[in-house]
Enquirer: 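Following this message is one structure expressed as C-alpha cells.
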Amino acid sequence: MVLLDDKDRTMEGIKRMLLARGVRPTSQRVEIARVLLSEPQHLSADQVLARVNVHHPLVSKATVYNTLNLFAGQGLVRQVIIDAGKVFFDSNTDVHHHIYNEDTGMLQDVDTSMLKIDSLPDLPEGTQESGIDVIVRIRNKS
C-alpha cells in the first residue's frame with residue numbers, strides 16, 4: 001500500500017514519493033496525492049476534485065481525471081470499476097476484494113482470506129491470469 005505516513009505528508013515528502021514512482025510532481029499532482037493517499041479510502045474523481053479544490057481551487061476536472069489515471073498506471077492507486085459510470089480510486093493497492101452497497105454507494109475492502117476461489121475457467125491460449133477482482137454487491141433490506 002502506498003499511503004503517506006506523517007513524515008511524508010509534507011510537500012517535499014509527497015514530491016519524493018511521486019518521483020520515486022516516475023511521476024513528475026506538479027503542484028496539482030502533489031495536492032491530488034495528498035488528498036487521496038492520506039488514508040485508506042475509496043474516492044470517485046468528483047470527490048477528489050471537490051476535496052482538492054477546497055485548498056487549490058484552480059485544479060480542473062480534466063487534470064484530476066488525467067492524474068488519477070496516471071497514478072493508477074504507476075501503481076499509486078487501484079481503479080475499482082463498479083460500472084461504466086461509477087469508478088472509484090482506491091488508495092489501498094494491496095490485493096483485496098470489495099463489497100459495494102448499491103443503496104448507499106459505499107465501497108469497503110474485503111481481505112482475500114475472506115473469499116475462497118477454488119478454480120478458474122480455462123484461459124485463452126497465450127494468456128495468463130494477472131489478477132482477480134471480486135465485487136460483492138449488496139442492497140439494504142427493505
Side-chain angles (χ1 to χ4, degrees), residues 1-56 59-142:
M1 190 172 340
V2 185
L3 291 179
L4 300 169
D5 60 25
D6 289 337
K7 67 177 174 38
D8 289 334
R9 287 190 183 152
T10 66
M11 290 301 173
E12 288 307 313
I14 295 170
K15 287 178 184 178
R16 280 192 304 275
M17 183 266 308
L18 291 176
L19 283 169
R21 291 297 184 116
V23 175
R24 189 168 57 86
T26 64
S27 60
Q28 294 93 346
R29 289 174 180 169
V30 168
E31 184 63 16
I32 292 167
R34 185 194 63 76
V35 165
L36 190 55
L37 301 177
S38 61
E39 62 183 302
Q41 59 188 331
H42 307 96
L43 297 175
S44 68
D46 287 337
Q47 289 171 315
V48 172
L49 177 67
R51 291 182 186 189
V52 165
N53 280 338
V54 166
H55 299 290
H56 201 292
V59 178
S60 72
K61 191 172 194 171
T63 297
V64 168
Y65 275 91
N66 290 336
T67 299
L68 291 172
N69 288 322
L70 173 64
F71 285 4
Q74 296 302 107
L76 289 164
V77 297
R78 274 178 72 179
Q79 263 189 340
V80 180
I81 302 170
I82 302 300
D83 59 41
K86 187 170 293 296
V87 177
F88 289 95
F89 292 87
D90 187 351
S91 59
N92 179 358
T93 57
D94 294 343
V95 176
H96 65 283
H97 304 297
H98 293 94
I99 293 176
Y100 177 69
N101 187 315
E102 295 175 336
D103 293 327
T104 66
M106 296 300 298
L107 189 67
Q108 73 182 69
D109 291 347
V110 175
D111 189 270
T112 56
S113 66
M114 302 300 295
L115 182 69
K116 184 177 179 182
I117 299 174
D118 290 328
S119 64
L120 294 175
D122 291 336
L123 302 176
E125 189 172 326
T127 66
Q128 64 185 21
E129 182 255 321
S130 64
I132 298 173
D133 297 317
V134 175
I135 300 173
V136 178
R137 297 168 190 275
I138 62 171
R139 288 195 172 140
N140 297 335
K141 291 182 179 180
S142 299

Enquirer: Apply the side chain to side chain contact (heavy atoms under 4.5 Å, CB included) test between Ile32 and each candidate in Val64, Leu37, Thr26; give the one that qualifies.
Expert: Val64

Enquirer: Give the C-alpha distance, both sets of side-chain angles, the deciding distance and a yes or no for side chain to side chain contact (heavy atoms under 4.5 Å, CB included) between Val48 and Phe89.
Expert: CA-CA 9 Å; Val48 172; Phe89 292 87; 5.6 Å; no

Enquirer: Got a donor-acceptor contact below 3.5 angstrom from the Gln108 side chain to the Asn101 backbone?
Expert: no

Enquirer: Report the residues that fulfil salt bridge (charged side-chain N to carboxylate O under 4.0 Å, His left out) with Arg78, sequence neighbours left out, ordered by chain and then residue number.
Expert: Asp133

Enquirer: Test of understanding: with side chain to side chain donor-acceptor pair (under 3.5 Å), list the residues that count as partners of Gln47, not counting sequence neighbours.
Expert: Ser44

Enquirer: Lys86: what forms a side chain to side chain donor-acceptor pair (under 3.5 Å) with it, not counting sequence neighbours?
Expert: none

Enquirer: Tell me the closest heavy-atom pair linking Gln128 and Leu123, and the distance in Å.
Expert: C-CD1, 4.0 Å

Enquirer: How many angstroms lie between CG in Asn140 and OG in Ser142, if you round to the nearest 0.5 Å?
Expert: 8.5 Å

Enquirer: Who pairs with Ser119 by side chain to side chain contact (heavy atoms under 4.5 Å, CB included), at least two apart in sequence or on another chain?
Expert: none

Enquirer: Applying side chain to side chain contact (heavy atoms under 4.5 Å, CB included), can you list everything that pairs with Thr63, at least two apart in sequence or on another chain?
Expert: Gln28, Val59, Ser60, Thr67

Enquirer: Working to the nearest 0.5 Å, report the span between CD1 of Ile138 and CD1 of Ile135.
Expert: 12.5 Å

Enquirer: Rounded to the nearest 0.5 Å, how far apart are NZ of Lys61 and CG of Asp46?
Expert: 4.0 Å

Enquirer: Can you name the residues that form a salt bridge (charged side-chain N to carboxylate O under 4.0 Å, His left out) with Arg24, not counting sequence neighbours?
Expert: none

Enquirer: Under the side chain to side chain contact (heavy atoms under 4.5 Å, CB included) rule, collect the residues that match up with Glu102, sequence neighbours excluded.
Expert: Tyr100, Arg137, Arg139

Enquirer: Quick one: side chain to side chain contact (heavy atoms under 4.5 Å, CB included) partners of Val134, sequence neighbours excluded?
Expert: His97, Leu115, Ile117, Ile132, Val136

Enquirer: Evaluate the criterion side chain to side chain contact (heavy atoms under 4.5 Å, CB included) for residue pair Leu18 and Leu76; output intermediate values, then yes/no.
Expert: CA-CA 9 Å; Leu18 291 176; Leu76 289 164; 3.8 Å; yes

Enquirer: Excluding sequence neighbours, so at least two apart, what forms side chain to side chain donor-acceptor pair (under 3.5 Å) with Thr112?
Expert: none

Enquirer: Grab the two heavy atoms, one from Ser91 and one from Pro40, that are nearest each other, plus how far apart they are.
Expert: OG-CA, 3.2 Å

Enquirer: Ignoring hydrogens and angles, tell me if any N or O in the side chain of Arg51 forms a donor-acceptor pair with the backbone of Val35 under 3.5 Å.
Expert: no

Enquirer: Enumerate the ring-ring contact (aromatic ring centres under 6.0 Å, His included) contacts for residues 27-47, please, sequence neighbours excluded, ordered by first and then second residue.
Expert: His42-His98

Enquirer: Could you tell me which non-hydrogen atom of Thr93 sits nearest to which non-hydrogen atom of Asp90, and how far apart they are?
Expert: CG2-O, 4.5 Å

Enquirer: For residues 103-119, pull every pair meeting salt bridge (charged side-chain N to carboxylate O under 4.0 Å, His left out), keeping only residues two or more places apart or in separate chains.
Expert: Lys116-Asp118

Enquirer: Quick one: side chain to side chain donor-acceptor pair (under 3.5 Å) partners of Gln79, sequence neighbours excluded?
Expert: Asn69

